[in-house]
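See below for the structure under consideration.
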Amino acid sequence: MASSLLRTSTSALRAATRSAKPVGAAGLAGTSFVRGKATLPDLSYDYGALEPHISGKIMELHHKNHHQTYVNGLNAAVEQIQEAQAKGDMAKAASFAPLLNFHGGGHINHSLFWENLAPSGKGGGGGPEGELAKEIDETFGGFEPLRKKMNAALAGIQGSGWAWLVQDGEKGGLSVITKANQDPVTGSLKPLLGIDAWEHAYYLQYQNRKAEYFDAVWNVVNWETVGKRMS
Amino acid sequence: MASPTHKLPSLGYSYDALEPAISAQIMDLHHSKHHATYVANLNAALASYSSASVPDQIALQAAIKFNGGGHINHSLFWANLTPASSPDANPQAAPQLIKSIGETWGSVGGLQAAVKAAALGIQGSGWVWLVREQGGKAAGRGGLRIVPTKDQDPVVGGEIPIIGIDMWEHAYYLQARQFPLHYLNGKASYIDNIWSVINWKTAEERFLGGREEAFSVLKSSL
């Protein structure tokens, strides 16, 4: 997993998918689940630290309200899945899959997002370096073409979603993909850099001028984190 | 052959007329920027469609669906809103529809609870619609349903849209703490408050009419 912040959610997800042991049904959800509960990760910078590119007000709402709602929704979904599993009702457990995907994805995506941002001039901005820069040059012809490609992908999202720079864990190559709503990056693809294109990520500051947000966010990309995620 | 050009329809009220439920700033941006962009992009896609090759036409279909849907949905939305002070904002302006709502959900409150649950269940951007199934006889015959739709997908499956509520974040997010009614991420409050500006007269007309009447707003913006 690319982010240390996700350790709790990973175990929660694993707990959700492993078959429940038939202990006393009532105690099961309580004990085995509480240990794996997802929690809201702290940011390593202040809410106002990404200004003027992302306002403190946006960061605060985005982290304290939106991300927290995904954390709560993930924990609720895991709990409901475990309860259904404990009763042997697999059809009911499966019915929570969309909620697990949405809230689990929301938790994963935002956790990765906060970590791949940093205050401008204090880890944020500039461009890729080292191996990452080499890979980006080879795949996209440089940082500027990558930026253009990713901004075009972000602008093309029809609704809510994310754009990601990803690495294929099997073939190794880089690519830019988009994901709808809170669908997480899965399969052999590894998320390196994520940019949130939901309206709540920019609307209070940029309103409908989302292209300005897509331009500005590059000033606060934490390239060290992005580079470390690449294998 | 040139395709007809779609135009941004004018609202039947001023941008500030829906306050405090929906602020003038939201209405202004929503109409003059968001809706205008859907119209411009729809026209651009349609303009290149007829001369495009078949593969290119297929590629254009996503843009037509998204921007055409955005144009349809917003046009219907503006017309099913009205200032709270208007007599049309009173459910009594829709006697036949209210009767049918009572048969389906028990009361307007029952409908509102069902709409709220559907709206809050949307995972991403979208709309929630009260629709009437086509086929049944119009008045008093039920056939009402609540349909959530994603992104800008329009209700074009044969149902007649009666009331549409925009659940995109741009529809409510800007109402921050300084407003008498504030929303930000609190979309449940937005849903609760929008009922004060629902145009029940329009809803009744759509309920009693057919699809052609419901979508007539689009003709006037051609």
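Per chain, numbering begins at 1; letters A, B, ... match sequence-line order. Since the model is a prediction, treat every value here as computed from it, not as a measurement. Atoms considered below: every heavy atom in the structure, side chains included; atoms not considered: hydrogens, waters and symmetry mates.
For a residue to count as touching a neighbouring chain, one of its non-hydrogen atoms must lie under 4.5 Å from one of that chain's; by this rule B/Leu184 touches chain A with the side chain only.
Judged as a side chain to side chain donor-acceptor pair (under 3.5 Å), and not counting sequence neighbours, B/Gln112 has no contacts.
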For a quick check, list the donor-acceptor atom pairs closer than 3.5 Å between chain B and chain A, or say none.
residue  : atom : partner  : partner atom : Å
B/His34  : NE2  : A/Tyr203 : OH           : 2.7
B/Gln123 : O    : A/Asn181 : ND2          : 3.1
B/Ser125 : N    : A/Ser160 : OG           : 3.4
B/Ser125 : OG   : A/Ser160 : N            : 3.4
B/Ser125 : OG   : A/Ser160 : OG           : 2.6
B/Glu169 : N    : A/Glu199 : OE1          : 3.2
B/Glu169 : OE1  : A/Glu199 : N            : 3.3
B/Glu169 : OE1  : A/His200 : N            : 2.8
B/Glu169 : OE1  : A/His200 : ND1          : 3.4
B/Glu169 : OE2  : A/His200 : ND1          : 2.7
B/His170 : N    : A/Glu199 : OE1          : 2.7
B/His170 : ND1  : A/Glu199 : OE1          : 3.4
B/His170 : ND1  : A/Glu199 : OE2          : 2.6
B/Tyr173 : OH   : A/His66  : NE2          : 2.7

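Chain A forms more heavy-atom pairs under 4.5 Å with one residue of B/Gly121, B/Ala63, B/Gly124 than with any other, namely B/Gly124.
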